[in-house]
Asker: 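The structure follows.
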Amino acid sequence: MATVNPDVPGDGAVGPVPGNGAVGPVPGPAGPSRSARLGRNLFAAIAVGLGLGAVILAALLLVREVFIVVLAVAAAVGTWELAGALRRGAGISVPLPVLLVGGQAMVWLSWPFGLSGLAVSFAVTALASLLWRMREGAAHYLRDISAALFTAAYVPLFVSFATLLVVPSDGVGRVLTFMICVVASDVGGYAAGVMAGKHPMAPTISPKKSWEGFAGSQIAGMVAGALCVTLLLHGAWWLGALTGAVLVVAATLGDLIESMIKRDLGIKDMGSLLPGHGGLMDRLDSLLPAAFVSWLLLSVAVPVA
């Protein structure tokens with residue numbers, strides 16, 4: 001998500017980070033350049049973001065099962081990136097083969113078996129991780145297993161709630177509502193942060209995230225939620241606005257959670273797969289918790305017929 005990461009000490013970022021509700025740039029002796037205001041590689045970030053959006057839309061609108069393939073790939077790449085970040089930043093070794101296989105089971109078994117399939121596959125992944133790690137002895141066993149369970153929950157478990165979103169007959173509308181609200185949150189936060197960001201929201205976690213940016217995220221997210229729930233799911237507009245508002249909070253907290261993880265590990269990005277964004281996990285940070293929150297809220301606001 002970040003091009004110049006403000007969340008790593010010494011990064012020296014002065015411009016806003018796209019989608020982060022950034023505080024406006026801090027003038028230096030000669031003032032910041034336009035490129036500094038827009039980020040290190042904004043155009044690459046926009047191109048990659050549009051490309052990812054096109055893939056997701058094509059998968060949703062053609063055959064819903066193809067969307068599950070996209071989710072499965074995202075879960076595998078995200079798990080691989082997080083495992084690599086844990087290894088680079090803290091020397092933590094997680095049972096990657098178990099997590100990759102278990103992650104695929106979570107995503108795919110959620111389609112026919114729902115929450116039961118997800119719960120059983122997560123439990124089996126946890127047990128297999130406990131057994132797999134025993135081969136390396138007792139040293140750092142608890143540390144590595146804790147990281148493994150965190151990885152399994154943070155990436156494939158949360159991704160699987162997007163599978164649960166698409167399962168109902170109106171699943172395409174549910175997934176679009178979820179993603180459009182999160183994208184609207186990013187765009188609204190970025191625009192408001194660049195134009196008016198002055199008051200940092202969490203200066204010790206993400207110094208460039210501002211309360212003004214968060215307000216922009218809320219406005220954009222509530223409008224997007226009201227429109228999506230009304231037009232795509234035939235629900236009440238006020239339920240849509242409420243859904244959008246809560247999803248903005250979830251997406252913002254998702255950003256901050258990954259910022260905390262990267263700060264703790266002392267790394268800049270989770271990976272380097274996506275130009276202008278870092279790794280795929282740097283794009284998934286706001287989407288992961290929002291997927292669960294979307295499934296929960298929409299199950300209540302617009303019950304499946």
Side-chain angles (χ1 to χ4, degrees), residues 1-2 7 17-21 49 52 56 67 70-72 74-79 81-82 85-86 99 103 106-107 110 115 118-119 122 125 146-166 174-190 201-202 205-206 209 213-214 217-218 220-222 224-225 228 242-265 269-271 277-301:
M1 179 169 289
D7 301 324
V17 179
N20 272 9
L52 291 174
I56 292 170
F67 179 65
V70 174
L71 293 177
V77 174
T79 299
E81 286 185 346
L82 182 54
L86 291 168
L99 294 175
M106 290 182 222
V107 172
S110 298
L115 281 177
L118 177 56
F122 178 79
T125 302
S146 298
L149 296 181
F150 165 73
T151 301
Y154 185 51
V155 185
L157 181 68
F158 280 157
V159 168
S160 297
F161 281 98
T163 302
L164 295 177
L165 275 173
V166 80
R174 291 173 184 269
V175 173
L176 287 176
T177 298
F178 150 56
M179 302 206 71
I180 289 172
C181 285
V182 174
V183 171
S185 173
D186 280 352
V187 173
Y190 175 59
M201 174 186 288
I205 302 175
S206 182
K209 191 178 293 295
F214 180 71
S217 292
Q218 279 290 354
M222 291 176 70
C228 287
L242 179 60
T243 298
V246 177
L247 286 181
V248 168
V249 174
T252 302
L253 291 176
D255 281 336
L256 294 175
I257 288 168
E258 196 192 41
S259 294
M260 288 288 286
I261 294 170
K262 291 192 287 189
R263 274 186 172 275
D264 189 26
L265 296 176
D269 293 316
M270 287 290 188
H277 293 273
L280 182 63
M281 279 297 294
D282 297 293
R283 286 292 342 159
L284 292 177
D285 53 1
S286 58
L287 293 167
L288 290 171
F292 164 70
V293 174
S294 296
W295 171 81
L296 182 63
L297 287 176
L298 291 177
S299 296
V300 175

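For clarity, every value in this text was computed on a predicted model and none was experimentally measured. Only this structure's heavy atoms are used, side chains among them; waters, hydrogens and symmetry mates stay out.
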Asker: Atom OG1 of Thr177 and atom CG of Leu247: how far apart are they, to the nearest 0.5 Å?
Answerer: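 Here the rounded value is 9.0 Å.
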Asker: May I ask you to test the Tyr154-Ile261 pair for a side-chain heavy-atom distance under 4.5 Å?
Answerer: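 Tyr154 vs Ile261: side chains touch.
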Asker: Which value, rounded to the nearest 0.5 Å, describes the distance between Leu164 atom CG and Arg174 atom CZ?
Answerer: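 One gets 11.0 Å once the value is rounded to the nearest 0.5 Å.
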Asker: Hey, does the side chain of Ser217 reach the backbone of Gly189 with a donor-acceptor pair shorter than 3.5 angstrom?
Answerer: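 Yes: the side chain of Ser217 pairs with the backbone of Gly189.
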Asker: Measure the spacing between CG of Leu256 and CE of Met201 and express it to the nearest 0.5 Å.
Answerer: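 Leu256 atom CG to Met201 atom CE measures 7.0 Å (nearest 0.5 Å).
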Asker: Can you find a pair of side-chain heavy atoms, one from Phe161 and one from Leu115, that are under 4.5 Å apart?
Answerer: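 Of all side-chain heavy-atom pairs linking Leu115 with Phe161, at least one is under 4.5 Å.
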Asker: Please name the pair of heavy atoms, one in Ala75 and one in Val155, separated by the smallest distance, quoted to 0.1 Å.
Answerer: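 Residues Ala75 and Val155, closest heavy atoms: O-CG1, 3.7 Å.
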Asker: For the residue pair Ser206 and Asp255, establish whether any side-chain heavy-atom pair is separated by less than 4.5 Å.
Answerer: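 No, their side chains stay 4.5 Å or more apart.
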Asker: Please determine which of Asp186, Ile180, Val187 meets the side-chain contact (heavy atoms from CB on, under 4.5 Å) test together with Val183.
Answerer: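 Going through the options one by one, the only one that passes is Val187.
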Asker: Is there a side-chain contact between Leu118 and Leu157, using heavy atoms and a 4.5 Å cut-off?
Answerer: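 Of all side-chain heavy-atom pairs linking Leu157 with Leu118, at least one is under 4.5 Å.
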Asker: Search all heavy atoms of Leu86 against all heavy atoms of Ala147 and return the closest pair with its distance.
Answerer: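 So the two residues come closest at CD1-CB, 4.1 Å.
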Asker: How long is the span from the CE atom in Met281 to the CG atom in Leu287, to the nearest 0.5 Å?
Answerer: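 Here the rounded value is 10.5 Å.
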Asker: Where do Val182 and Ala251 come nearest, in terms of heavy atoms and distance?
Answerer: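 That closest heavy-atom pairing would be CG1-CB, 4.3 Å.
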Asker: Heavy-atom distance under 4.5 Å between the side chains of Leu165 and Met179, does that happen here?
Answerer: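 The answer is no, as the side chains (C-beta and beyond) never meet within the 4.5 Å cut-off.
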Asker: Taking all non-hydrogen atoms of both residues into account, name the closest pair between Arg263 and Ile205 and its distance.
Answerer: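 Reported closest heavy-atom pair: NE-O, 2.9 Å.
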Asker: Any sub-3.5 Å donor-acceptor pair from Asp282's side-chain atoms to Met270's backbone N or O?
Answerer: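 Yes, because the side chain of Asp282 sits within donor-acceptor range (under 3.5 Å) of the backbone of Met270.
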Asker: For Pro289 and Asp285, work out which heavy atoms get closest and say how close.
Answerer: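 It is CD-O, 3.3 Å.
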Asker: Name each donor-acceptor pair under 3.5 Å that joins a side chain in residues 290-299 to protein atoms two or more places apart or in another chain, with its distance.
Answerer:
unit_1 : atom_1 : unit_2 : atom_2 : d
Ser294 : OG     : Ala290 : O      : 2.7
Ser299 : OG     : Trp295 : O      : 2.5

Asker: In Å, rounded to the nearest 0.5 Å, how long is the span from OG1 of Thr243 to CE of Met222?
Answerer: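 With rounding to 0.5 Å, OG1 (Thr243) is 10.5 Å from CE (Met222).
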Asker: Is a side-chain N or O of Gln218 found less than 3.5 angstrom from the main chain of Val248, in a donor-acceptor match?
Answerer: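 Checking the backbone N and O of Val248 against the side chain of Gln218, no donor-acceptor pair under 3.5 Å is found.
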Asker: What's the spacing between Leu253 CG and Leu288 CG if we round to 0.5 Å?
Answerer: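 Leu253 atom CG to Leu288 atom CG measures 13.0 Å (nearest 0.5 Å).
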Asker: Return the minimal non-hydrogen interatomic distance between Ala152 and Leu99, and the atom names on each side.
Answerer: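 Scanning both residues completely, I find the closest heavy atoms to be CB-CD2, 3.9 Å.
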